[in-house]
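The next block holds one structure in the form of structure tokens; read it before the comments.
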There are 2 protein chains.
Amino acid sequence: MKNISQEDYISIIYKHRDGGGVIKSNTIAERMNISNAAVTDMVRKLSRDGLINYTRYKGVSLTGSGETKAINLIRRHRILESFLYKIVKMPWEKVHEEVENLEHGASDDLVNRLEVMLEYPEYDPHGDPIPDKKGKMPKARSAVRLDLLPTEKSAIVVRVNDYDHEFLRYVASVGITMSSEVKVKSQLNFDKSIVLTVDGNDINMSQKMASNIFVQEKKNRIK
Amino acid sequence: MKNISQEDYISIIYKHRDGGGVIKSNTIAERMNISNAAVTDMVRKLSRDGLINYTRYKGVSLTGSGETKAINLIRRHRILESFLYKIVKMPWEKVHEEVENLEHGASDDLVNRLEVMLEYPEYDPHGDPIPDKKGKMPKARSAVRLDLLPTEKSAIVVRVNDYDHEFLRYVASVGITMSSEVKVKSQLNFDKSIVLTVDGNDINMSQKMASNIFVQEKKNRIK
DNA sequence: GATATAATTTAAGCACACTTAAATTTATAA
DNA sequence: TTATAAATTTAAGTGTGCTTAAATTATATC
Ligand SMILES: [Mn+2]
Ligand SMILES: [Mn+2]
Ligand SMILES: [Mn+2]
Ligand SMILES: [Mn+2]
């Protein structure tokens, strides 16, 4: 009747699988904050239910029906986030956490109605693409990891990983959000951390944090 | 972490307890469509957790903290219903079923925001009172069960029990909704069913069905 | 007040989703 | 190639929330 846990696993697998579509047991456990033994257990059930391919000691990958299910949950998630942000006006850094609990209970019918109200949005409040009713994703916008942005180049924030609530809250607290203009002033060799300018303020940020923020370089007009 | 089942039990107890605040095990089982044994099991857990008073073979009743929890869930439920109906424009007969799955995942913060958007509604789409942030219920409107309405008196529908999805769908399909004007033309002694007029159409309705619809008599102006 | 019927609990068992600790397999490095 | 370390699975156990069947307690009827 309710497969909340299965949905969470499937979507974690979708989001964190590597280029070959494979994810390690370990990664799932880390991302879900549970033991490896628990993952082994669930992975067998998901395999039994035809949602993933699994052979012992190898990683797992989604089957066709598993991927369909994953994309459907991601669609629900991102449309709900967009709705809470755009229409309910919930703060940017709060919508992900709220939707994490809401997504499993929303019907396709509701999600479709919200999509219409939002006039078929292509990206969610974190810049992630929203799959359409058929599961088709809009093309991901080209972007550069903030920790790889050359110094002294102005750039616009176009996507932020919504993997961690604490990270989102911190990012928002230093004034970074979608479409913020940022410029890397320097990169410290000591710990790879960077100093960047946002809204005229200088802030220091760890390499790990910066690697979860994606920007588009601003083409500076030559005058 | 997630006490979805407990929430459902508590709210069923709140809604179906008798005048003395007591509900029988049987009633819970019926309303939830589960076995009596399952109820006994859960009732012990709820008692252990201090949410209900329970002694074997007697019915159960809510404790203070149980009632607080119940009212909080009912508030979430009714505000979400109002929101889906008034703002998302979801059909009247669908909102209850949708919210049944949504209510457990909505935070108080979200519900409070929706309440503001709705400008502090007092009644939900089925005419049920919405508790405020402190748990205070607006006064229930006086109303008469439709099966007890005298014949030939015009009346306005002010509340419909939302206990059963099928019932709601049927009620909507015959054209009855909030503020509908209805008039009982006759009551059949054979099976206590009634014939009533809605929107100029005559329909027959069982006594059981009519007893779940509540109306306010229209004061007919004497001219 | 004994007895039949109805309501409720107990007993035994199952699937799910987790845990810790021990065993096993795979990867890496001497 | 073999020892060692890391990843993964297995084993054993727990709490939740359900099931059916049997036993018990309460209630209604004669
Ligand atoms: Mn998110
Ligand atoms: Mn997002
Ligand atoms: Mn309802
Ligand atoms: Mn309602």
Side-chain angles (χ1 to χ4, degrees), chain A residues 1-14 16-62 66 69-70 73 100-101 103-105, chain B residues 1-14 16-18 20-62 65-66 69-70 73 100-101 103-105:
Chain A
M1 204 96 287
K2 38 178 103 90
N3 33 355
I4 295 180
S5 260
Q6 286 208 0
E7 284 192 339
D8 280 332
Y9 273 86
I10 290 293
S11 118
I12 290 285
I13 293 169
Y14 182 93
H16 295 99
R17 65 196 174 163
D18 64 25
V22 174
I23 186 173
K24 287 186 297 171
S25 184
N26 229 349
T27 312
I28 300 176
E30 265 169 38
R31 291 255 91 102
M32 303 195 69
N33 241 317
I34 54 175
S35 70
N36 280 308
V39 174
T40 304
D41 229 55
M42 177 58 96
V43 136
R44 269 205 303 257
K45 289 170 194 162
L46 293 170
S47 174
R48 175 200 63 188
D49 296 349
L51 298 171
I52 63 168
N53 305 116
Y54 168 61
T55 21
R56 273 159 63 257
Y57 290 105
K58 310 288 164 197
V60 310
S61 65
L62 293 170
K69 266 210 150 88
L73 180 65
E100 210 55 63
N101 297 313
E103 58 188 1
H104 305 285
Chain B
M1 203 97 287
K2 40 179 102 92
N3 33 356
I4 295 180
S5 259
Q6 286 207 1
E7 284 192 340
D8 279 333
Y9 273 87
I10 290 294
S11 117
I12 290 286
I13 294 168
Y14 182 92
H16 294 100
R17 64 196 176 162
D18 65 24
V22 174
I23 186 174
K24 287 186 297 171
S25 185
N26 229 348
T27 311
I28 300 175
E30 266 169 38
R31 292 255 89 103
M32 302 195 71
N33 241 317
I34 54 174
S35 70
N36 280 308
V39 173
T40 304
D41 229 55
M42 178 56 96
V43 136
R44 270 204 302 255
K45 288 169 193 162
L46 293 170
S47 173
R48 174 200 64 191
D49 297 348
L51 298 172
I52 62 168
N53 305 114
Y54 169 61
T55 22
R56 273 159 64 258
Y57 290 103
K58 311 286 165 199
V60 311
S61 65
L62 293 169
S65 91
K69 268 211 149 88
L73 180 65
E100 210 57 61
N101 298 312
E103 58 188 2
H104 306 285

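Note that the structure is a prediction, hence the values are computed from the model and not measured. Note: hydrogens, waters and symmetry copies are ignored here, and every other heavy atom, side chains too, is used. So that the names make sense, note that chain A is the first sequence line, chain B the second, and so on, each numbered from 1.
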Please classify the nucleic acid contact of [X] as base, sugar-phosphate, or nothing, using heavy-atom distances under 4.0 Å.
{"X": "Ser25(A)", "value": "sugar-phosphate"}
{"X": "Asp41(A)", "value": "base"}
{"X": "Lys45(A)", "value": "base"}

Side-chain N or O of [X] less than 4.0 angstrom from OP1 or OP2 on [N]?
{"X": "Arg44(B)", "N": "dT9(C)", "result": "no"}
{"X": "Tyr54(A)", "N": "dT9(D)", "result": "yes"}
{"X": "Ser5(A)", "N": "dC18(C)", "result": "yes"}

Item to complete: Identify, with sequence neighbours excluded, every residue that meets side-chain contact (heavy atoms from CB on, under 4.5 Å) alongside Asp18(B).
Response: Val22(B)
Item to complete: Among the candidates dC16(C), dT8(C), dA7(D), find the nucleotide nearest to the side-chain atoms of Asn26(A).
Response: dA7(D)
Worksheet entry | Audit row: Val60(B), Ser25(B), side-chain contact (heavy atoms from CB on, under 4.5 Å) steps and yes/no | CA-CA 7 Å; Val60(B) 311; Ser25(B) 185; over 6 Å; no
Fill in: Spacing of CG belonging to Asp41(A) relative to CG belonging to Leu46(A), to within rounding of 0.5 Å
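Between Asp41(A) CG and Leu46(A) CG, I get 10.5 Å after rounding to 0.5 Å.
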In this structure, how many angstroms lie between the [atom2] atom of [N] and the [atom1] atom of [X], rounded?
{"X": "Ile23(A)", "N": "dA7(D)", "atom1": "CD1", "atom2": "P", "result": "14 Å"}
{"X": "Arg48(B)", "N": "dT14(D)", "atom1": "CZ", "atom2": "P", "result": "15 Å"}
{"X": "Glu30(A)", "N": "dA6(D)", "atom1": "CD", "atom2": "P", "result": "14 Å"}
{"X": "Met42(B)", "N": "dG17(D)", "atom1": "CE", "atom2": "P", "result": "4 Å"}
{"X": "Asn3(A)", "N": "dA15(C)", "atom1": "CG", "atom2": "C1'", "result": "14 Å"}
{"X": "Arg56(A)", "N": "dT10(D)", "atom1": "CZ", "atom2": "P", "result": "5 Å"}
{"X": "Leu51(B)", "N": "dT16(D)", "atom1": "CG", "atom2": "P", "result": "12 Å"}
{"X": "Lys58(A)", "N": "dT25(C)", "atom1": "NZ", "atom2": "P", "result": "13 Å"}

When you compare the protein's N or O atoms with those of nucleotides 20-23 of chain D, which come within less than 3.5 Å of each other, and at what distance?
none

Worksheet item: side-chain contact (heavy atoms from CB on, under 4.5 Å) with Asn3(A): which of Lys69(A), His104(A), Lys45(A)?
Response: Lys69(A)
With a 4.5 Å limit on heavy-atom distance, are the side chains of [X] and [Y] in contact?
{"X": "Leu73(A)", "Y": "Ile10(A)", "value": "no"}
{"X": "Thr40(A)", "Y": "Tyr54(A)", "value": "yes"}
{"X": "Asp8(A)", "Y": "Glu100(A)", "value": "yes"}
{"X": "Ile4(A)", "Y": "Ile4(B)", "value": "yes"}

Item to complete: Please report the closest heavy-atom contact between Gly21(A) and Ser61(A), naming both atoms and the distance.
Response: O-CB, 3.2 Å
Worksheet item: What pair of heavy atoms forms the shortest contact from Ala70(A) to Leu62(A), and how long is it?
Response: CB-CD1, 4.2 Å
Worksheet item: Quick one: on DNA chain C, does Ile34(A) or Val43(B) contact a more 5' nucleotide (nearest heavy atom)?
Response: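 Mapping each residue to its closest nucleotide by heavy atoms, the 5'-most match is Val43(B).
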Worksheet entry | Residues touching DNA chain C, which here means a heavy atom under 4.0 Å, drawn from residues 7-14 of chain B |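 DNA chain C contact set from residues 7-14 of chain B: none.
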